[in-house]
There are 2 protein chains.
Amino acid sequence: MNLKELSKNLGLSQTTVSRALNGYPEVSAATRKRVEQAAKEFNYHPSTRAKGLATGRALAIGHVIPVSTQHEMVNPVFGDFIAGAGETYSRNGYEMILSIVDDMNEEQIYRGLKSRRAVDGVIVHGPRIDDPRIALLTKLGLPFAVHGQVTRCDTPYTLLDVNNHEAFEQATKYLLDLGHRRIALVNGLESMDFAYRRRSGYEAALHACDIAIDPALMCSGEMTEVIGYENAQALLQTADAPTAFLCSSLISAMGVRRAIQECGLTMGKDVSVITHDDVLSYLQNGGDTPIFTATRSSVRTAGRRLAEVLLESIKNPSLPPQRVILECEFVVGQSTGPAPRKD
Amino acid sequence: MNLKELSKNLGLSQTTVSRALNGYPEVSAATRKRVEQAAKEFNYHPSTRAKGLATGRALAIGHVIPVSTQHEMVNPVFGDFIAGAGETYSRNGYEMILSIVDDMNEEQIYRGLKSRRAVDGVIVHGPRIDDPRIALLTKLGLPFAVHGQVTRCDTPYTLLDVNNHEAFEQATKYLLDLGHRRIALVNGLESMDFAYRRRSGYEAALHACDIAIDPALMCSGEMTEVIGYENAQALLQTADAPTAFLCSSLISAMGVRRAIQECGLTMGKDVSVITHDDVLSYLQNGGDTPIFTATRSSVRTAGRRLAEVLLESIKNPSLPPQRVILECEFVVGQSTGPAPRKD
DNA sequence: AAGCAAATCCAAAGCGCTTTGGGAAATTTG
DNA sequence: CAAATTTCCCAAAGCGCTTTGGATTTGCTT
């Protein structure tokens with residue numbers, strides 16, 4: 001069923017039917033109702049492609065997911081983020097188109113999306129330090145919104161981020177207040193902006209307490225269970241082992257916990273652990289009471305909100321770039337306790 | 001830059017330029033080269049929407065991701081599957097469009113995709129027992145391919161699945177051969193087809209050894225770490241506790257491992273664990289040597305293959321429905337050992 | 001050199017929608 | 001009651017591409 005057939009069926013012109021369906025005022029209430037009824041009855045939906053051609057808008061948002069060539073790693077956060085953004089899109093009649101891309105061909109992809117006029121805007125995932133995409137997209141004139149921030153980037157751009165610095169500063173302080181002095185940081189890849197900010201929060205807290213920063217206590221890498229485990233195990237076997245760990249993800253925290261247990265230690269007593277918790281649907285931090293003390297911020301909510309912000313800025317292009325910073329909730333679980341006394 | 005401008009630039013007709021770019025034979029090799037050069041130079045890409053309108057094909061595949069309303073759960077497997085499928089699409093000039101949908105509005109979404117002519121086909125995720133989507137999609141005449149199988153469904157359809165029955169039968173047999181007699185099954189939601197098949201494999205192996213099936217040893221639910229933990233903990237505290245666990249996912253297996261450790265037992269010695277491993281990029285089963293004994297099958301490869309199969313069947317609609325069954329690799333890790341002797 | 005097929009290219013129609021620029025009918029106004 | 005609005009609807013153009021049905025040129029034959 002297309003417009004032509006539908007309008008023939010109704011004995012109206014395509015113009016009128018189109019207008020009735022799109023809420024234009026030049027149509028009487030009676031005919032509008034009649035048209036809407038018929039559209040529902042025949043299950044008529046305008047062809048996205050034709051509509052896009054005619055209006056010049058794609059009614060679609062692109063998500064370009066970088067998959068690092070070396071690690072073949074898909075960010076585990078991605079599923080939930082997409083789910084959140086998807087909610088926003090379907091509420092607003094937008095479609096989400098996804099491009100999986102190894103980081104070599106990124107620029108190609110963005111240029112393609114632009115010149116094929118496939119999308120009205122894009123969401124930038126996994127911003128890195130000095131990320132070249134901001135400059136590229138502004139140059140292309142393709143509206144975009146970033147999930148995260150780009151460290152050294154002077155031109156303003158629309159973004160949504162968790163306050164990573166603040167969260168990790170607060171977490172570190174909490175551990176310091178409990179008497180911990182040797183606090184390890186199990187961070188994400190240092191090329192990622194969020195990891196950079198978390199480290200700076202961690203360092204700021206130590207600094208404020210006049211505690212020297214020990215590079216041996218900081219590690220960074222993909223946030224997997226195994227890597228968390230290996231790092232923690234290595235650290236726990238050193239002479240001056242840390243009494244607390246600060247993790248960038250629940251998954252690595254689980255690895256850390258395993259290392260602690262295997263050393264015959266008890267988490268929350270001998271060794272404390274705080275982790276960032278993205279509230280992934282398949283990775284809850286315990287049931288009613290949280291297991292890990294955590295800095296919590298739902299990545300799904302982030303997806304929903306960021307999509308809203310992007311849609312808004314597309315609808316209203318004169319709007320200045322938006323900056324949404326979400327504060328984490330600090331939840332105390334069973335994984336932290338006072339630093340053990342040295343005997 | 002559009003076709004008109006490009007052809008004016010070249011002093012050729014739109015026809016010729018279009019044909020040159022699309023590999024039609026009615027163009028001399030010389031002009032083709034010239035056209036291709038110019039297209040590259042001006043970074044010309046045909047508008048997807050216009051092309052779609054003209055050809056009647058969308059050059060896009062839809063992925064409809066069900067997010068259960070009660071659990072708000074995004075299948076953790078999904079990210080990697082999508083990454084695999086995405087590789088295939090970009091190699092073939094297709095786009096992937098994603099719809100996140102709570103299971104109430106599923107039918108609406110599929111009908112919409114069809115009548116808006118937004119996609120050339122869809123991938124069906126998370127098939128359930130007696131899933132109504134097969135019937136719906138065949139009725140709609142929308143090409144589709146299923147990731148998994150639908151238990152009672154007589155009409156043939158294109159699918160790709162892991163041989164779940166075989167894998168879990170083999171795993172159970174392996175445990176039986178090690179002398180285990182009380183084997184617990186920590187399964188996914190029983191409404192999912194894969195969970196059903198895994199249980200049937202488990203039961204078949206027990207049956208073959210004349211071991212009665214004890215419902216108390218079987219649990220099913222979302223495959224989270226916490227649920228795995230809770231189930232295992234409860235089971236380990238019973239009088240006649242299992243000596244082995246069979247898990248449907250690495251995540252629940254990690255929960256099971258935690259329960260084992262907390263009971264002061266050693267995995268691989270006191271209690272054995274086998275899990276299915278989807279080879280998710282952020283959830284490796286150990287480093288060089290696997291931690292868990294596992295039935296292994298990469299979900300990313302599954303995504304790549306299934307997308308290929310779907311594209312093939314779209315290109316060649318007369319093809320009969322394809323059935324691709326992937327066999328799991330059985331890898332022996334450190335989580336299994338002979339059943340402990342009763343003292 | 002005339003004749004014919006093959007090789008190249010082009011003009012124009014059409015895909016399904018929106019939107020401009022009117023026109024006819026209904027309503028209000030003086 | 002004629003004139004001026006307002007209301008409601010329509011024909012046709014246009015979005016950027018593909019594809020049909022020629023037209024023209026070139027290369028071979030005889």
Side-chain angles (χ1 to χ4, degrees), chain A residues 1-36 38-39 42-60 93-95 112-120 315, chain B residues 1-36 38-39 42-60 93-95 112-120 315:
Chain A
M1 172 67 54
N2 59 20
L3 227 210
K4 193 148 131 198
E5 291 165 27
L6 181 63
S7 36
K8 192 166 294 172
N9 239 297
L10 283 158
L12 288 169
S13 75
Q14 297 191 34
T15 310
T16 306
V17 176
S18 169
R19 281 179 165 158
L21 258 22
N22 290 310
Y24 283 81
E26 303 95 331
V27 178
S28 72
T31 29
R32 174 166 321 214
K33 187 141 289 172
R34 204 159 64 89
V35 170
E36 281 169 349
F42 294 119
N43 190 39
Y44 167 78
H45 294 260
S47 148
T48 324
R49 298 197 290 288
K51 191 165 189 157
L53 233 204
T55 58
R57 304 185 311 144
L59 288 176
Y94 272 74
E95 254 149 30
L113 285 175
K114 166 71 180 179
S115 66
R116 289 196 326 251
R117 281 133 290 185
V119 299
D120 295 326
K315 194 192 295 175
Chain B
M1 172 67 53
N2 58 22
L3 227 210
K4 195 150 130 193
E5 291 165 26
L6 181 63
S7 36
K8 192 167 294 171
N9 239 297
L10 282 159
L12 289 169
S13 75
Q14 297 191 34
T15 311
T16 306
V17 176
S18 168
R19 281 179 168 159
L21 259 21
N22 291 309
Y24 284 82
E26 302 96 331
V27 178
S28 72
T31 29
R32 167 156 309 153
K33 187 142 291 172
R34 204 158 64 89
V35 170
E36 281 168 349
F42 294 120
N43 191 37
Y44 166 78
H45 293 260
S47 148
T48 324
R49 300 198 289 287
K51 190 165 189 157
L53 233 205
T55 57
R57 305 185 311 145
L59 288 176
Y94 272 74
E95 253 149 31
L113 285 176
K114 166 72 181 180
S115 66
R116 288 193 330 250
R117 279 135 290 182
V119 299
D120 295 327
K315 193 192 295 175

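Quick note on labels: first sequence line is chain A, next is B, and so on, each numbered from 1. Hydrogens, waters and symmetry mates play no part in the numbers below; they use all other heavy atoms, side chains included. Only a predicted model underlies this, so the values are computations on that prediction, with no experimental measurement involved.
- Between A:T15 and the phosphate of D:dC10, there is no side-chain N or O to OP1/OP2 separation shorter than 4.0 Å.
- Following rounding to the nearest Å, A:L10 (CG) and D:dC9 (C1') show an atom-to-atom distance of 13 Å.
- Contacts of B:K4 classified as side chain to side chain contact (heavy atoms under 4.5 Å, CB included), with partners at least two apart in sequence or in another chain: B:N2, B:Q14.
- Between A:S47 and B:R116, every side-chain heavy-atom pair lies at or beyond the 4.5 Å cut-off.
- The shortest side-chain heavy-atom distance between B:R34 and B:L10 falls under the 4.5 Å cut-off.
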Provide a list of protein-nucleic acid N or O atom pairs under 3.5 angstrom, restricted to nucleotides 13-16 of chain D.
| from | atom 1 | to | atom 2 | distance (Å) |
| --- | --- | --- | --- | --- |
| D:dC15 | O2 | A:A54 | N | 3.4 |
| D:dG16 | N2 | B:A50 | O | 3.4 |

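- Atoms CG (A:L12) and P (D:dT7) sit 19 Å apart, rounded to a whole Å.
- Interatomic distance, CG of A:L53 versus OG1 of B:T48, reported as 10.0 Å (0.5 Å rounding).
- Every residue two or more places apart in sequence or in another chain was checked for a salt bridge (charged side-chain N to carboxylate O under 4.0 Å, His left out) with B:R117, and none qualifies.
- The phosphate of D:dC10 (OP1 or OP2) has a side-chain N or O of A:S13 nearer than 4.0 angstrom.
- Using a 4.5 Å heavy-atom cutoff, the side chains of B:Y94 and B:R57 are in contact.
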Residues 17-30 of chain A side chain polar contacts: donor-acceptor under 3.5 Å, at least two apart:
| from | atom 1 | to | atom 2 | distance (Å) |
| --- | --- | --- | --- | --- |
| A:N22 | ND2 | A:S18 | O | 3.0 |
| A:S28 | OG | A:T31 | N | 3.3 |
| A:S28 | OG | A:T31 | OG1 | 2.5 |

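- Here the closest non-hydrogen pair linking A:S115 and B:H45 is OG-CD2, 2.8 Å.
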- Query: B:L59 and B:E95: side chain to side chain contact (heavy atoms under 4.5 Å, CB included), yes or no, with the steps?
  - Reply: CA-CA 6 Å; B:L59 288 176; B:E95 253 149 31; over 6 Å; no

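- B:F42 CZ to B:M1 CE: the interatomic distance, rounded to the nearest 0.5 Å, is 5.0 Å.
- Interface residues of residues 18-28 of chain B facing DNA chain D, ordered by number: B:S18, B:R19, B:N22, B:Y24; criterion, heavy-atom separation under 4.0 Å.
- Axis angle between the ends of the helix from C:dA1-D:dT30 to C:dG30-D:dC1, five pairs each and rounded to 10 degrees, works out to 50°.
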